[in-house]
Number of protein chains: 2
Amino acid sequence: MPTPPKPSTRERILDIALELFSEQGYDKTSLRDIAERLGTTKAALYYHFARKEDILLELHLRVHELGRAGLAELAALPDAAARAQAFPRLLDAFIAQFAEHRDLVLLHTRNPNAIRVLGEDERHLAENENVLGALHSLLADPELPVAQRVRLACAIGAVGGGLLDSGGVFADVPDDELTAQVRAAVADVLAPARSRD
Amino acid sequence: MPTPPKPSTRERILDIALELFSEQGYDKTSLRDIAERLGTTKAALYYHFARKEDILLELHLRVHELGRAGLAELAALPDAAARAQAFPRLLDAFIAQFAEHRDLVLLHTRNPNAIRVLGEDERHLAENENVLGALHSLLADPELPVAQRVRLACAIGAVGGGLLDSGGVFADVPDDELTAQVRAAVADVLAPARSRD
DNA sequence: GTCTATATTTCGATAGAC
DNA sequence: GTCTATCGAAATATAGAC
């Protein structure tokens with residue numbers, strides 16, 4: 001059973017919240033807004049989520065889940081050279097997931113502060129140490145040449161610049177072509193001035 | 001007289017707001033927070049700014065000012081080919097200003113929603129049409145090959161990825177080297193698979 | 001230009017009936 | 001699982017003295 005039995009209320013709340021949080025921002029979206037669009041009342045939401053933060057947290061964890069496997073694999077590699085070699089392949093997987101879950105990523109880039117203050121929740125702290133910590137120690141790795149560290153950061157930024165498309169400027173470009181072009185651009189960032197074979 | 005006579009209250013308010021808006025986010029920063037750090041009271045702020053939004057607006061316009069000259073120059077060029085040729089040079093200037101005013105750019109990336117809702121102010125609407133409109137019509141330009149449009153968007157994203165450094169992973173890298181590396185990476189994005197001369 | 005005091009609104013959250 | 005009703009806190013903004 002792939003996506004079967006429960007388009008339940010809880011899931012509908014998350015869908016609506018994802019949309020509104022991205023559109024208007026987390027802080028400017030009241031529980032009343034969510035309840036209205038869902039067709040119920042504020043109080044009803046509190047049956048499914050104890051606090052407003054928990055709605056955002058749930059969505060936040062789903063984004064982290066996207067990068068977890070790749071970063072874990074990376075962290076398991078023995079040395080910087082091995083990690084550097086694995087970059088292109090893992091970035092490729094990253095781009096695929098980024099493209100598939102654009103809406104979740106957009107939620108993140110549009111509400112960085114709200115997410116940073118998500119606070120003391122245990123699940124959140126644990127996840128943050130795992131995922132963000134792995135990314136941080138990757139980019140800060142002193143064993144890696146600075147040029148490679150910077151280019152890796154640029155590559156990640158380039159994925160965002162190419163795929164997020166906040167203004168809708170690439171509405172005329174098919175998704176396949178867009179991701180292919182982004183892949184090519186990222187490849188060029190990671191292969192600095194490679195000498196001809 | 002370059003930057004002389006008035007480190008006035010108004011300017012101090014903007015400085016404090018810039019810091020707090022970036023740190024905690026626009027919505028989570030109350031006028032009380034600003035007033036406290038400034039050493040006065042909430043009401044005093046209303047002498048200098050009619051609404052809280054106006055503080056953010058003022059800072060917002062300063063960011064737009066950074067990109068205005070370059071985008072205007074670009075829009076004045078006759079055809080897509082001329083624009084494409086001008087990209088690298090203008091992106092170079094863009095990187096320089098980005099690096100010099102990192103704090104202002106950070107304000108933007110951390111409060112995208114608050115800024116988008118800035119609303120009906122005349123100055124804001126006019127500026128948005130000028131600056132964002134120019135950027136939009138640049139990236140959406142149907143005369144330009146899709147590959148080039150996407151790579152341009154990726155290049156802009158790469159600048160953000162390399163220079164913003166939200167997590168402080170490049171604290172050990174001198175600013176000069178960082179921007180130089182970013183410049184190199186961006187150049188590789190814009191020079192797709194260029195055949196050897 | 002800055003203060004005290006307060007008006008007004010809105011929001012997150014709770015209590016308890018159904 | 002959803003409702004009505006309401007509490008309490010915090011925020012923006014205003015009025016008017018100094």
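In what follows, chains carry the letters A, B, and so on, assigned in the order in which the sequence lines appear, proteins first and then strands, with residues in each chain numbered from 1. Computed over heavy atoms, backbone and side chain alike; hydrogens, waters and symmetry mates excluded. Every value quoted in this text rests on a predicted model; they were computed, and no experiment measured them.
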| said: Heavy atoms within less than 4.0 Å of DNA chain C: which residues of residues 111-118 of chain B have one? Give them sorted by number. | reply: none
| request: Could you point out which residue of Ile13(B), Leu14(B), Leu18(B) forms a side chain to side chain contact (heavy atoms under 4.5 Å, CB included) with Glu58(B)? | output: Leu14(B)
| message | Are Leu104(A) and Leu164(A) linked, directly or through intermediate hydrophobic residues, by side-chain heavy-atom contacts shorter than 4.5 Å (ILVMFWY only)? | response | no
| query | Is the closest basic N to carboxylate O distance between Arg62(B) and Glu65(B) below 4.0 Å? | reply | no
| message | For residues 129-146 of chain B, which residue pairs pass the salt bridge (charged side-chain N to carboxylate O under 4.0 Å, His left out) check, not counting sequence neighbours? | response | Arg83(B)-Asp141(B)
| query | Between Arg51(A) and Asp54(A), does at least one N-O distance fall below 4.0 Å, as a salt bridge requires? | reply | yes
| Can you name the side chain to side chain contact (heavy atoms under 4.5 Å, CB included) partners of Ala81(B), sequence neighbours left out? | Asp79(B)
| task | Please find the earliest and latest nucleotides of DNA chain D, in the 5' to 3' direction, that have an atom within less than 4.0 Å of any heavy atom of chain A. | result | dG1(D) to dT4(D)
| message | Show me the pairs that pass side-chain hydrogen bond (donor to acceptor under 3.5 Å, both in side chains) and involve residues 40-49 of chain B, at least two apart or across chains. | response | none
| said: Would the distance check show the side chain of Asp33(B) and the main-chain N or O of Ser30(B) forming a donor-acceptor pair, the cut-off being under 3.5 Å? | reply: yes
| field | ILVMFWY network linking Leu66(A) to Ile115(A), side-chain heavy atoms under 4.5 angstrom | value | no
| request: Any ring pair (Phe, Tyr, Trp, His ring centres under 6.0 Å) involving residues 146-180 of chain B? Give me the pairs, sequence neighbours left out, ordered by first then second residue. | output: none
| query | For residues 21-40 of chain B, which residues have at least one heavy atom under 4.0 Å from DNA chain C? | reply | Thr40(B)
| For DNA chain C, the residues among residues 44-60 of chain B that have a non-hydrogen atom under 4.0 Å from it | Ala44(B), Tyr47(B), His48(B)
| field | Overall bend - the helix from dG1(C)-dC18(D) to dC18(C)-dG1(D), comparing terminal axes fitted on five pairs, nearest 10 degrees | value | 10°
| said: Please list all pairs meeting side-chain hydrogen bond (donor to acceptor under 3.5 Å, both in side chains) that have one or both residues in residues 164-178 of chain B, counting only residues at least two apart or in different chains. | reply: Arg149(A)-Asp172(B), Arg102(B)-Asp175(B)
| Centre of Tyr26(B)'s six-membered ring, under 6.0 Å away, within 45 degrees of the axis: is that where NZ or CZ of Lys28(A) sits? | no
Side-chain donor/acceptor pairs under 3.5 Å, residues 153-162 of chain B, sequence neighbours excluded:
none

| query | What is the ring orientation for His124(B) with His60(B), classed by angle as parallel under 30°, tilted 30 to 60°, or perpendicular over 60°? | reply | perpendicular
List the atom pairs, donor and acceptor, that lie under 3.5 Å between side-chain atoms in residues 90-101 of chain A and the rest of the protein, sequence neighbours left out.
{"unit_1": "Asp92(A)", "atom_1": "OD1", "unit_2": "Arg183(A)", "atom_2": "NH1", "d": "3.4"}
{"unit_1": "Asp92(A)", "atom_1": "OD2", "unit_2": "Arg183(A)", "atom_2": "NH1", "d": "3.1"}
{"unit_1": "His101(A)", "atom_1": "ND1", "unit_2": "Gln97(A)", "atom_2": "O", "d": "3.3"}

